[in-house]
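Here is the structure we will look at, set down as structure tokens.
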Amino acid sequence: SGLFFGYLHVMSMPINILFPIYLISYAAPGLAFAYINKRTNNILVSTGLHLMHNGILMSIQIFLFLFT
């Protein structure tokens, strides 16, 4: 399911030499979220972590856009 999560995030990208790198970089958090979901048996925990992960990344992007 982690690889599927990664694929869903990159499926609209053109397939080129960098595609496997993007797939791995998106599949790694997907594997972590799947593991956490399996350990806690609660989808809300992994969903919350996914939300937090996206929020941190967006905050960094906004900060860099505004202050660099």
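Below, all heavy atoms of this structure are taken into account, side chains as well, without hydrogens, waters or symmetry copies.
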| request: Under the ring pair (Phe, Tyr, Trp, His ring centres under 6.0 Å) rule, collect the residues that match up with F63, sequence neighbours excluded. | output: F67

| Qualifying residues under side chain to side chain contact (heavy atoms under 4.5 Å, CB included), relative to I60, sequence neighbours excluded | I56, L64

| Residues that, via side-chain heavy atoms closer than 4.5 angstrom, fall in one hydrophobic cluster with L3 | none

Give every donor-acceptor pair under 3.5 Å between a side-chain atom in residues 11-31 and any protein atom, sequence neighbours left out.
from	atom 1	to	atom 2	distance (Å)
N16	OD1	L18	N	2.9
N16	OD1	F19	N	3.3
S25	OG	I21	O	3.3
S25	OG	Y22	O	2.9

| task | State the CZ-CG distance between F5 and L8, to the nearest 0.5 angstrom. | result | 8.5 Å

| field | Connected via hydrophobic side-chain network under 4.5 Å: M52 and I36 | value | yes

| remark: Applied to residues 30-48, the side-chain hydrogen bond (donor to acceptor under 3.5 Å, both in side chains) test, sequence neighbours excluded, yields none

| message | Taking side-chain hydrogen bond (donor to acceptor under 3.5 Å, both in side chains) as the definition, give me every residue that meets it alongside N54, ordered by chain and number, with sequence neighbours left out. | response | H50

| note | Those residues at least two apart in sequence (or on a different chain) that pass side chain to side chain contact (heavy atoms under 4.5 Å, CB included) with L57 are H53

